[in-house]
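Working notes for the structure below.
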Amino acid sequence: MKLVVVSAGLSVPSSTRLLADRLAKATAARVPAEVEVVELRDLAVEIAHNFTNGFPGRALGAAIGAVTEADGLIVVTPVFSASYSGLFKSFFDVLEQGALAGKPVLIAATGGSARHSLVLEHALRPLFAHLRAVVVPTGVYAASEDWGAEGLAERIERAAGELAGLMTGLMTGLSAAGPARDARSASAVEASAEVSAVAQAVDPAEGPVRRPRETVAQSASAGRGARTDGFQVVPFEQQLAALRTR
């Protein structure tokens, strides 16, 4: 499995990157996953060029590919003007439509004041709902005073557990889909054989055909028709079904 972390921090060192790393570590402790970090600071120029020429550069293309192929995402942005940063939004604007559809996403943000904590609900969650991602219930906001204080570690662990659960459930669902598809295919083949057998007992020009018992016994659908004196009368509904397949 692959876990991709998108960090929109601008400074070095960055509290945004620190929160991203802690979330990634907590998630990877619960589900076996390869972790890859995408630093948007390093892609700022290529993101701007992508808007003007319509083509991603090599580094941006690699980042887009990583996000698109990820089994789970952790996205973290600093708060600018009571919302996500322009760099953060610009990166997700250049993704292809539907690239995040059904993908588990953990949203997080950092800011200088606890008063910006609702950015998770009024900005980040609606954004990823619009992108049709599956956003975990717990978002993590870290203000300056939260570092080293009670509560942040618990929120990180709870959110990481929710993301790991979604990622595990996604892989389980994909694994179960294989046998289900095989079963559906077998049923389809069996149904096709039955229709073909019925078609052999139907003449489109003559309607129901009375055939000898020996011929009827060779039909895969012999048990479905009514028998009279060693002959089989094919119901009209089965005749129509056979004709539609031709």
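Since the structure is predicted, the reported quantities are computational estimates derived from the model, not experimental observations.
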Inset, instruction - State, to 0.1 Å, how close A160 and T27 come at their nearest heavy-atom pair, and which atoms those are. - result: CB-OG1, 3.4 Å
Legend entry - Intermediate values then yes/no, salt bridge (charged side-chain N to carboxylate O under 4.0 Å, His left out), R30 and E157: CA-CA 10 Å; R30 289 170 167 80; E157 293 296 325; 2.7 Å; yes
Inset, instruction - Please answer whether the main-chain N or O of A66 pairs with a side-chain N or O of E69 as donor and acceptor at a distance below 3.5 Å. - result: no
Legend entry - I47 versus S90, closest heavy-atom pair with distance: CG2-CB, 3.7 Å
Legend entry - Value rounded to 0.5 Å, distance of CG in L18 from OG1 in T110: 9.5 Å
Inset, instruction - Working to the nearest 0.5 Å, report the span between NE2 of H122 and NE2 of H116. - result: 9.0 Å
Legend entry - Same cluster (ILVMFWY, side-chain, under 4.5 Å), L95 and V135: yes
Inset, instruction - Test L3 against every option in D71, V31, V37, L163 by the side chain to side chain contact (heavy atoms under 4.5 Å, CB included) rule and name the one that passes. - result: L163
Legend entry - Non-hydrogen side-chain atoms of L40 and V38 separated by less than 4.5 Å: yes
Inset, instruction - Give a yes or no on whether V76 and Y141 share a hydrophobic cluster (residues Ile, Leu, Val, Met, Phe, Trp, Tyr; joining criterion: side-chain heavy atoms under 4.5 Å apart). - result: no
Inset, instruction - For this output row, return yes or no: ring centroids of F80 and Y84 closer than 6.0 angstrom. - result: no
Inset, instruction - Answer yes or no: does atom NE2 of H130 have more than 12 heavy-atom neighbours from other residues, nucleotides or ligands under 6.0 Å? - result: no
Inset, instruction - Show your reasoning for whether side-chain hydrogen bond (donor to acceptor under 3.5 Å, both in side chains) applies to T16 and S7. - result: CA-CA 7 Å; T16 300; S7 172; 5.7 Å; no
Legend entry - Gap between atom CG of L10 and atom CZ of R41 - 0.5 Å precision: 7.5 Å
Legend entry - S117 side chain vs A114 backbone, donor-acceptor pair below 3.5 Å: yes
Inset, instruction - Determine, for D21 against K25, whether the closest basic-nitrogen to carboxylate-oxygen distance falls under 4.0 angstrom. - result: no
Inset, instruction - State plainly whether one hydrophobic cluster holds both L23 and F91, where clusters connect Ile, Leu, Val, Met, Phe, Trp and Tyr through side-chain heavy atoms under 4.5 angstrom apart. - result: no
Inset, instruction - Hey, could you give me the OG/NZ distance between S83 and K89, rounded to the nearest 0.5 Å? - result: 9.0 Å
Inset, instruction - Answer whether the closest heavy-atom distance between the side chains of E34 and M1 falls below 4.5 Å. - result: no
Legend entry - In one Ile/Leu/Val/Met/Phe/Trp/Tyr side-chain cluster, 4.5 Å: L87, V12: no
Legend entry - N/O donor-acceptor pair under 3.5 Å between K2 side chain and V35 backbone: no
Inset, instruction - Of all the heavy-atom pairs spanning A109 and L124, show the shortest one and how long it is. - result: CB-CD1, 4.2 Å
Legend entry - N-O pairing of R155 and D146 below 4.0 Å: yes
Legend entry - Beyond-backbone contact of L152 with V140, side-chain heavy atoms, under 4.5 angstrom: yes
Inset, instruction - Look at the side-chain heavy atoms of Ile, Leu, Val, Met, Phe, Trp and Tyr, link any pair under 4.5 Å apart, and say whether M167 and I156 land in one connected group. - result: yes
Inset, instruction - Looking only at non-hydrogen atoms, find the nearest pair between A142 and L19 and report the distance. - result: CB-CD2, 4.1 Å
Inset, instruction - Report yes if some heavy atom in the side chain of L73 is under 4.5 Å from a heavy atom in the side chain of L106; otherwise report no. - result: no
Inset, instruction - Work out which heavy atom in K103 is nearest to a heavy atom in A99; give both atom names and the distance. - result: CE-O, 3.7 Å
Legend entry - Heavy-atom side-chain contact between L60 and N50 under 4.5 Å: yes
Inset, instruction - Could you tell me whether F55 atom CZ has more than 12 heavy atoms of other residues or ligands within 6.0 Å of it? - result: no
Inset, instruction - Check whether any side-chain heavy atom of R125 lies under 4.5 Å from a side-chain heavy atom of I107, and answer yes or no. - result: yes
Inset, instruction - Please tell me if the side chains of V75 and F128 come closer than 4.5 Å, counting only heavy atoms from C-beta onward. - result: yes
Legend entry - Non-hydrogen atoms of G9 and P78 that approach each other most closely: N-CD, 4.2 Å
Inset, instruction - Taking the side chain as every heavy atom from C-beta outward, state whether V67 and L100 have any pair of such atoms under 4.5 Å apart. - result: yes
